[in-house]
There are 2 protein chains.
Amino acid sequence: MTAPKSAAVAKPPRGGRKEPAAEPAPEAGDMMMGELAELLGYALKRAQLRVFEDFLQCVAPVQLTPAQFSVLLLLDVNPGRNQTEIATTLGILRPNFVAMLDALESRGLCQRTRSPSDRRSHILMLTDKGRATLARAKKLVATRHEARLSELLGEDNRIALLAMLGKIAREF
Amino acid sequence: MTAPKSAAVAKPPRGGRKEPAAEPAPEAGDMMMGELAELLGYALKRAQLRVFEDFLQCVAPVQLTPAQFSVLLLLDVNPGRNQTEIATTLGILRPNFVAMLDALESRGLCQRTRSPSDRRSHILMLTDKGRATLARAKKLVATRHEARLSELLGEDNRIALLAMLGKIAREF
DNA sequence: GGCTATTTGATATAGTTCATAACAATTATC
DNA sequence: GATAATTGTTATGAACTATATCAAATAGCC
């Protein structure tokens, strides 16, 4: 009931380099995890942190965070939306979305335009540079990040995992 | 204490009822999610946030955060460990673990004792109150939280999900 | 033994994320 | 036309995360 497999500690076979990265447990090899191993929330958080960490590393050449990437993705498929719509769709509060957009716009990746029909709101659009950056980021994510996840889990399992996570987020 | 007559402070719900809860997308019902629906990291984060939110609510009677609950769980199964061991096992940095322990200890849930063999380190143990609180929390988590998760996904799927998340955290 | 290096808990501090209140400009509603 | 609501924005605070540093204690080395 405890650990079905006592897999050895995954040791990165890098030679000669010290890793300052956040290791879960560099020592304490014989620590009992107890019911922590059954806690879905704990497993979710740990997996999410690891996936984000890897995402950041894979997409480093284009300097995009997961949140920024999600904004570009959404702007690409939903041109002409305003800040409130994009932000709330991503679960970002409007005040916090302002600085995010400032960063993207100052890098020339997207663009705010006053709506002629409602001059309060800003129409959001990707620039050409934004589309190019997104395309490059997409390729990095697909080939370096998601591909390795699919390899680790198996493609069928990756799809099943995606479905379950979506169900939790939507229906729980 | 000037009372500006600016509206939008506390208005009586006139007409319809708005939900101030953190809804992903209260409006924008026809938003295209694009490849966001395929991003495992995005699904992970959304699911994790939802699960933690529910955890907090379910375990509210004992006033424990997910992080605090994980500490108590670990202390219960690993009595006599020091702060560094517990913290690093949970992925918590030692400096940040100090305040966490302060909070738990000030509530009488756990206890620091100077180790006789190594007087630098603090031996950590649950108090009787800590064990009682943990037992109550466990019951709340099992019956209110995990049970509903199992019901939503199906028990077999919940186990499979747990396994995949663990694999990601350990091997990815 | 004595000197240096390391470890442990702790403090200070800064960065990041997340959340709420409030405001000016604009639009909607009655 | 007066009042209410919305949009983007600023300010601000809480919570979480990360790094440097410190005193006390221990380990390691000669």
Side-chain angles (χ1 to χ4, degrees), chain A residues 18-24 26-28 45-46 48-49 52-53 56 65-68 70-71 81-88 90-103 105 110-124, chain B residues 1-18 20-24 26-28 45-46 48-50 52-53 56 65-68 70-71 81-88 90-105 110-124:
Chain A
K18 202 73 182 298
E19 301 211 329
E23 289 282 339
E27 53 210 75
K45 176 127 197 186
R46 272 303 176 86
Q48 185 259 315
L49 287 175
F52 268 42
E53 184 184 14
L56 227 16
T65 67
Q68 289 174 326
S70 71
V71 170
R81 298 283 191 156
N82 66 26
Q83 298 184 195
T84 296
E85 289 168 331
I86 298 294
T88 59
L90 291 173
I92 303 171
L93 294 173
R94 275 75 78 207
N96 299 332
F97 193 52
V98 174
M100 273 193 70
L101 265 190
D102 287 346
E105 197 176 21
C110 71
Q111 189 181 340
R112 288 185 247 224
T113 318
R114 296 222 86 95
S115 167
S117 63
D118 185 343
R119 290 180 26 198
R120 289 172 297 186
S121 61
H122 290 167
I123 293 307
L124 300 180
Chain B
M1 60 94 72
T2 66
K5 59 167 302 180
S6 64
V9 172
K11 58 271 183 141
R14 202 178 144 78
R17 269 251 318 220
K18 279 296 171 60
E23 289 279 338
E27 53 210 77
K45 176 128 195 182
R46 273 302 176 86
Q48 185 260 314
L49 287 174
R50 180 67 196 96
F52 267 42
E53 183 184 14
L56 229 14
T65 67
Q68 290 173 326
S70 70
V71 170
R81 297 283 191 156
N82 66 27
Q83 297 185 196
T84 297
E85 291 169 330
I86 297 294
T88 61
L90 291 174
I92 303 173
L93 294 172
R94 275 74 78 208
N96 299 332
F97 192 53
V98 174
M100 271 193 72
L101 265 192
D102 287 346
L104 294 176
E105 197 176 20
C110 69
Q111 188 181 343
R112 288 185 247 224
T113 318
R114 297 222 87 96
S115 166
S117 62
D118 185 343
R119 288 177 30 197
R120 289 171 299 186
S121 60
H122 290 169
I123 294 306
L124 299 181

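A, B, ... follow the sequence lines: proteins, then strands. Residue 1 opens every chain.
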(message) Using OP1 and OP2 only, check whether a side-chain N or O of A:Lys45 sits under 4.0 Å from D:dC16.
(response) no
(message) Is there a side-chain contact between B:Ser121 and the phosphate of C:dT7, meaning an N or O under 4.0 Å from OP1 or OP2?
(response) no
All N/O pairs under 3.5 Å across the protein-nucleotides 9-11 of chain D interface:
{"unit_1": "D:dT9", "atom_1": "OP1", "unit_2": "A:Arg112", "atom_2": "NH1", "d": "3.3"}
{"unit_1": "D:dT9", "atom_1": "OP2", "unit_2": "A:Gln83", "atom_2": "OE1", "d": "2.9"}
{"unit_1": "D:dT9", "atom_1": "OP2", "unit_2": "A:Gln83", "atom_2": "NE2", "d": "2.9"}
{"unit_1": "D:dT9", "atom_1": "OP2", "unit_2": "A:Arg112", "atom_2": "NH1", "d": "2.6"}

Atom pair distance, as rounded to whole Å: [atom1] in [X] and [atom2] in [N]:
{"X": "A:Leu90", "N": "C:dC18", "atom1": "CG", "atom2": "P", "result": "12 Å"}
{"X": "A:Ile86", "N": "D:dG8", "atom1": "CD1", "atom2": "C1'", "result": "15 Å"}
{"X": "B:Leu93", "N": "C:dT16", "atom1": "CG", "atom2": "P", "result": "16 Å"}
{"X": "B:Ile123", "N": "C:dT8", "atom1": "CD1", "atom2": "P", "result": "12 Å"}
{"X": "B:Asn82", "N": "D:dA24", "atom1": "CG", "atom2": "C1'", "result": "15 Å"}
{"X": "B:Leu124", "N": "C:dT8", "atom1": "CG", "atom2": "P", "result": "13 Å"}
{"X": "B:Arg46", "N": "C:dC18", "atom1": "CZ", "atom2": "C1'", "result": "14 Å"}
{"X": "B:Gln68", "N": "D:dA15", "atom1": "CD", "atom2": "C1'", "result": "12 Å"}

(request) Nearest 0.5 Å please: distance from the NZ atom of B:Lys45 over to the CG atom of A:Leu49. (result) 8.5 Å
(message) For a quick test of reading the model, state the closest non-hydrogen atom pair linking B:Ala103 to B:Gln68 and the distance between them.
(response) CB-NE2, 4.3 Å
(message) Ignoring hydrogens, what is the shortest heavy-atom contact between A:Ser115 and A:Ser117? Give both atom names and the distance.
(response) OG-OG, 3.1 Å
What pairs with [X] under side-chain hydrogen bond (donor to acceptor under 3.5 Å, both in side chains), at least two apart in sequence or on another chain?
{"X": "A:Thr113", "answer": "none"}
{"X": "B:Gln83", "answer": "B:Arg112, B:His122"}
{"X": "A:Arg120", "answer": "A:Asp118"}

(message) One pair to check against side-chain contact (heavy atoms from CB on, under 4.5 Å): A:Asn82 and A:Glu85. What are the steps and the verdict?
(response) CA-CA 6 Å; A:Asn82 66 26; A:Glu85 289 168 331; 3.3 Å; yes
Check the interface with nucleotides 24-27 of chain C: list each N/O to N/O pair with the protein under 3.5 Å, or write none.
{"unit_1": "C:dT26", "atom_1": "OP1", "unit_2": "A:Arg119", "atom_2": "NH2", "d": "3.2"}
{"unit_1": "C:dT26", "atom_1": "O2", "unit_2": "A:Arg120", "atom_2": "NH1", "d": "3.4"}
{"unit_1": "C:dT27", "atom_1": "OP1", "unit_2": "A:Arg119", "atom_2": "N", "d": "2.9"}

(request) Answer yes or no: is there a side-chain heavy-atom contact under 4.5 Å between B:Leu124 and B:Val71? (result) no
(request) Please identify each residue that fulfils side-chain contact (heavy atoms from CB on, under 4.5 Å) with A:Arg94, with sequence neighbours left out. (result) A:Thr84, A:Ala87, A:Thr88
